[in-house]
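Proteins come first, then strands; the chains are lettered A, B, ... in the order of their sequence lines, and each starts at number 1. Below, all heavy atoms of this structure are taken into account, side chains as well, without hydrogens, waters or symmetry copies.
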There are 2 protein chains.
Amino acid sequence: MNEDDDRVFKALADPTRRFLLDLLFAREGRTLTELESEVEMTRFGVAKHLKVLEEAGLVVARRSGREKLHFLNPVPIRLIHDRWIDKYTERHVTALVDLKKALEDET
Amino acid sequence: MNEDDDRVFKALADPTRRFLLDLLFAREGRTLTELESEVEMTRFGVAKHLKVLEEAGLVVARRSGREKLHFLNPVPIRLIHDRWIDKYTERHVTALVDLKKALEDET
DNA sequence: TTGACATGTGACCTCTGGGTCACATAACTT
DNA sequence: AAGTTATGTGACCCAGAGGTCACATGTCAA
């Protein structure tokens, strides 16, 4: 359980991996070569990152012939949220975040 | 903005720092020496971790005489959540998480 | 079957980050 | 004032992670 945690947070620690999650969040079911074209890096690097994300459970993959399709799994993200944001204070925090966003939009 | 992100995720990548957040989540306003007593590490190590958490905005500190009181700031956590969990799919994910927890409790 | 395409594996190099220590400053107590 | 308490700073050591390459497997198309 704790090892799972560690894998998730370590996976999120790298900016390239977060960008890959962003790409999958925008459109799911992408292949390795497709993701590679969006990143300034070798295919091997991207493959390594995807493996880390997969082992952390943040990405789920499905094979289709010689291709491998990748999907984003939001559950671990939600668990991070629940760890440090109490249900009673959640309303309060969301209000704070909305306020912050509103202030930034004005500028 | 992107550098802020990076600081937050890098800060969360270390298990000791996550444990410190847990301690502050349980009871806020703790001092360095108090936190040190809960961790198997030198004071210097803990101080270093607290600095990282503070620079990431996950911990906010207030001085009181020669003591420094530390508080948890949940806003960055909420922003992580909002980055990859759409408001429309949030209900769905929460249901999944609740189901998972229920299944684990049965065992 | 032959060649092109999509992905997987292990070794290797480099550099960042966790942890400790010696030293220093500031504040409370008596 | 003197000693104790709470915290801050810079240097140092070492394990681990990011990135690339050479090589290998498996799948589609003609």
Side-chain angles (χ1 to χ4, degrees), chain A residues 2-24 27-72 76, chain B residues 2-24 27-72 76:
Chain A
N2 217 320
E3 289 180 1
D4 282 0
D5 274 6
D6 206 52
R7 270 194 281 267
V8 172
F9 287 106
K10 288 256 168 66
L12 290 174
D14 184 85
T16 306
R17 287 197 286 266
R18 293 197 298 273
F19 182 61
L20 289 173
L21 290 183
D22 290 337
L23 291 175
L24 293 179
R27 183 164 50 83
E28 300 214 279
R30 304 213 201 195
T31 173
L32 166 61
T33 8
E34 189 181 351
L35 291 169
E36 176 204 347
S37 66
E38 306 258 10
V39 179
E40 296 277 328
M41 193 183 301
T42 322
R43 175 177 59 85
F44 309 99
V46 180
K48 221 172 185 179
H49 285 307
L50 283 175
K51 191 187 176 191
V52 174
L53 288 169
E54 220 178 316
E55 287 173 347
L58 285 162
V59 161
V60 180
R62 178 170 59 83
R63 290 210 71 109
S64 160
R66 62 177 163 181
E67 290 182 337
K68 190 178 177 185
L69 306 177
H70 299 82
F71 300 84
L72 170 63
Chain B
N2 216 319
E3 288 180 3
D4 283 359
D5 275 5
D6 205 52
R7 269 194 281 268
V8 172
F9 287 106
K10 287 257 168 64
L12 290 174
D14 184 85
T16 306
R17 287 197 286 267
R18 292 197 297 274
F19 182 61
L20 289 173
L21 291 182
D22 289 338
L23 291 175
L24 293 179
R27 183 164 49 82
E28 300 214 279
R30 303 213 202 195
T31 173
L32 167 62
T33 7
E34 189 182 351
L35 291 170
E36 176 204 347
S37 67
E38 306 259 10
V39 180
E40 296 278 327
M41 193 182 301
T42 322
R43 175 177 59 84
F44 309 98
V46 181
K48 221 173 186 180
H49 284 307
L50 284 175
K51 191 187 177 191
V52 174
L53 288 169
E54 220 178 317
E55 287 174 346
L58 285 162
V59 162
V60 181
R62 177 170 60 84
R63 289 210 71 109
S64 160
R66 63 179 163 180
E67 291 182 337
K68 190 176 177 186
L69 306 178
H70 299 82
F71 300 84
L72 169 64

### Query
Does A/Arg62 have any side chain to side chain donor-acceptor pair (under 3.5 Å) partners at least two apart in sequence or in another chain, and if so, which?
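Partners of A/Arg62 by the side chain to side chain donor-acceptor pair (under 3.5 Å) criterion come out as none, since no residue qualifies.
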### Query
Got a second to check how far A/Leu72's CG is from A/Leu20's CG, nearest 0.5 Å?
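Answer for the CG-CG pair, A/Leu72 versus A/Leu20, is 11.0 Å.
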### Task
Please check if the side chain of B/His70 supplies one atom and the backbone of B/Arg30 the other of a donor-acceptor pair under 3.5 Å.
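At least one qualifying donor-acceptor pair exists.
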### Task
Name the closest nucleotide to the B/Thr31 side chain, picking from C/dG18, D/dT7, C/dA6.
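Minimum distance to the B/Thr31 side chain belongs to D/dT7.
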Protein-nucleotide distance ([X], atom [atom1]; [N], atom [atom2]), rounded to Å:
X: A/Glu67; N: C/dC5; atom1: CD; atom2: P; answer: 13 Å
X: A/Leu32; N: C/dG8; atom1: CG; atom2: C1'; answer: 10 Å
X: A/Arg7; N: D/dA17; atom1: CZ; atom2: C1'; answer: 16 Å
X: A/Leu53; N: D/dA17; atom1: CG; atom2: C1'; answer: 14 Å
X: A/Arg62; N: C/dT7; atom1: CZ; atom2: P; answer: 13 Å
X: B/Leu50; N: D/dT9; atom1: CG; atom2: P; answer: 13 Å
X: A/Lys10; N: D/dG16; atom1: NZ; atom2: C1'; answer: 9 Å
X: A/Phe9; N: C/dG17; atom1: CZ; atom2: P; answer: 18 Å

### Message
Once hydrogens and angles are ignored, does a donor-acceptor distance under 3.5 Å link the base of D/dT5 to the side chain of B/Arg66?
### Response
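Indeed, a donor on one side and an acceptor on the other fall under 3.5 Å apart.
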### side chain to side chain contact (heavy atoms under 4.5 Å, CB included) between B/Leu32 and B/Lys68, intermediate numbers included
CA-CA 7 Å; B/Leu32 167 62; B/Lys68 190 176 177 186; over 6 Å; no
### Option passing side-chain hydrogen bond (donor to acceptor under 3.5 Å, both in side chains) with B/His49 (candidates B/Arg17, B/Arg18, B/Glu54)
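So the option named by the test is B/Arg17.
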### Query
In a check of side chain to side chain contact (heavy atoms under 4.5 Å, CB included) between A/Leu24 and each of A/Leu53, A/Val59, A/Leu58, which one passes?
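Single pass found, and it is A/Val59.
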### Message
By nearest heavy atom, map A/Ala13 and B/Lys68 onto DNA chain D; which one lands nearer the 5' end?
### Response
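Whichever sits nearer the 5' end wins; that is B/Lys68.
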### Message
One character per nucleotide, please: for nucleotides 19-24 of chain C, 5' to 3', B when the base has a protein heavy atom closer than 4.0 Å, S when only the sugar-phosphate does, - otherwise.
### Response
BBBB--
### Message
I need the minimum non-hydrogen distance between B/Asp6 and A/Ala13, along with the two atoms involved.
### Response
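Where B/Asp6 meets A/Ala13 most closely, the heavy atoms are OD1-O, 4.2 Å.
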